[in-house]
There are 2 protein chains.
Amino acid sequence: MTRDAERDDDALRQFVETLALGLADMGWQRMAARVFAALMVTDSGRMTAGELAAMLSVSPAAISGAVRYLDQVGLISKERVPGERRDSYRVLDDMWYASFLKQDRLLKLWGETADEGIAVLGEHTPAGKRLAEMRDFFQFFAKEMPLLFERWHARRRDTG
Amino acid sequence: MTRDAERDDDALRQFVETLALGLADMGWQRMAARVFAALMVTDSGRMTAGELAAMLSVSPAAISGAVRYLDQVGLISKERVPGERRDSYRVLDDMWYASFLKQDRLLKLWGETADEGIAVLGEHTPAGKRLAEMRDFFQFFAKEMPLLFERWHARRRDTG
DNA sequence: CACTCATTTCACAAACTTGTGAAGACAATA
DNA sequence: TATTGTCTTCACAAGTTTGTGAAATGAGTG
């Protein structure tokens, strides 16, 4: 019994690291990725900073930085139960939505960068045209991504 | 005349750095980003390793690593004109396609990671269900991305 | 208003990345 | 096969990121 529980616990921690590694490869800060992964595999979807520090074997200071970042980008929320001294952190249901809104903003930024380049190169040069194509590409995706996300939401309403 | 040419040259180099910085923020290796940006703003779309090293003021060794990476991920191709000792590197026209195929592969990988987690947590636990939703999200996008890209291609055929 | 527990901030240390120089490998000519 | 120009590899140094410990801050309770 104890053996099984321990084995499960190990498997769980290992999966947290796997998931976090994947997120880190996507460009997330490592600690933020580990915290997010830890919250994802919790049934309640909530943990205190202390619990997170214990689960991940890191100092409270490291947790502090990670949760601030995750909160800023809208992937988790900070909550304090009245009459508790400790903050809880919770994974948000619409976390993917937040992450895609962010991408949308980035795509727009790329369009602007391309425009800068076109101004320097001249829009009728081959290089200028190449950048114009890049700009169009990003604009296209900036427009389509939110629509795509809408469809995902709609589908989830129907299925789940 | 010389003044203007110099000024343009400066503006160009500065834009190369701007573009590279953006790519680096997206998670590209810094040197790879600079090389790619340099090729993007060239009318011919082609440069030799030596030219790249000179333009970016870095050692040939740095170029070597960067072009190998860019070649691997399919964003540039290496070419050698017969009777030349130098390799040329060229930005590919379908580079965005390559980059999106790569993303597609990544999305599938995410689905598999989620499945691992579901196996550990059990699919009927709240955490298991949360991961299942993550998997569905990635699967949905893995399926839709190529279709979206098709539409981009079609649009480009019509417009350009 | 003092006490206690939890979180945050800051300076520093450890670990990792990234580019360099120098030596080696490769390919085209003669 | 020797020569020359180009590219690659490798060990190392510089720079950056990342997490820690200790002190400071903030919030709830008597």
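Numbers restart at 1 for each chain; the letters A, B, ... are given by sequence-line order, proteins then strands.
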Can you check the A/Gln72 CD to C/dT8 P distance for me, whole Å? 12 Å
Should A/Glu51 and A/Arg86 count as an ion pair when the cut-off is N to O under 4.0 Å? no
Is any NZ, NE, NH1 or NH2 atom of the basic residue among A/Glu79 and A/Arg46 found under 4.0 Å from an Asp or Glu carboxylate oxygen of the other? yes
Between CE of B/Met31 and C1' of C/dT18 the distance, given in whole Å, is 10 Å
Which part of the nucleic acid, if any, lies within contact of A/Gly50, taking any heavy atom under 4.0 Å across all strands shown: a base, the sugar-phosphate backbone alone, or nothing? sugar-phosphate
When the distance from CD1 of A/Ile63 to P of D/dG21 is rounded to whole Å, what number comes out? 13 Å
Assert: residue with more 5' nearest nucleotide on DNA chain C, out of A/Arg30 and A/Ala62, is A/Ala62
Take atom OH of B/Tyr69 and atom P of C/dT17, then tell me their distance rounded to the nearest Å. 14 Å
Is B/Lys78 paired with B/Asp71 through a side-chain N to carboxylate O contact shorter than 4.0 Å? no
Across the strands shown, which category fits A/Ala49 at heavy-atom distances under 4.0 angstrom: base, sugar-phosphate, nothing? sugar-phosphate
Rounded to whole Å, CZ of A/Arg86 lies from C1' of D/dG26 at a distance of 17 Å
d(CG, A/Leu52; P, C/dA6) in whole Å: 14 Å
Starting at atom CG of A/Leu70, determine the distance to atom C1' of C/dT8, rounded to an integer number of angstrom. 16 Å
DNA chain D: A/Gln29 or B/Ser64, which has the more 5' nearest nucleotide? B/Ser64
Using a cut-off of less than 4.0 Å, is there contact between a side-chain N or O of B/Lys78 and OP1 or OP2 of D/dT8? yes
Please tell me if A/Arg68 has a side-chain N or O lying less than 4.0 Å from either OP1 or OP2 of C/dT9. yes
What nucleotide among D/dG28, D/dA22, D/dG19 has an atom nearest to a side-chain atom of A/Arg80? D/dG28
Against the side chain of B/Asp87, the closest entry in D/dT20, C/dG21, D/dC7 is D/dC7
Does A/Arg85 make a side-chain donor-acceptor contact with the base of C/dT4, cut-off 3.5 Å? yes
Please state how far atom CE in B/Met47 lies from atom P in D/dC7, giving the value in whole angstrom units. 12 Å
State, yes or no, whether a side-chain contact exists between A/Met40 and B/Met134 at a heavy-atom distance under 4.5 Å. yes
So with a 6.0 Å cut-off around CZ of B/Arg135, is the heavy-atom count from everything else above 12? yes
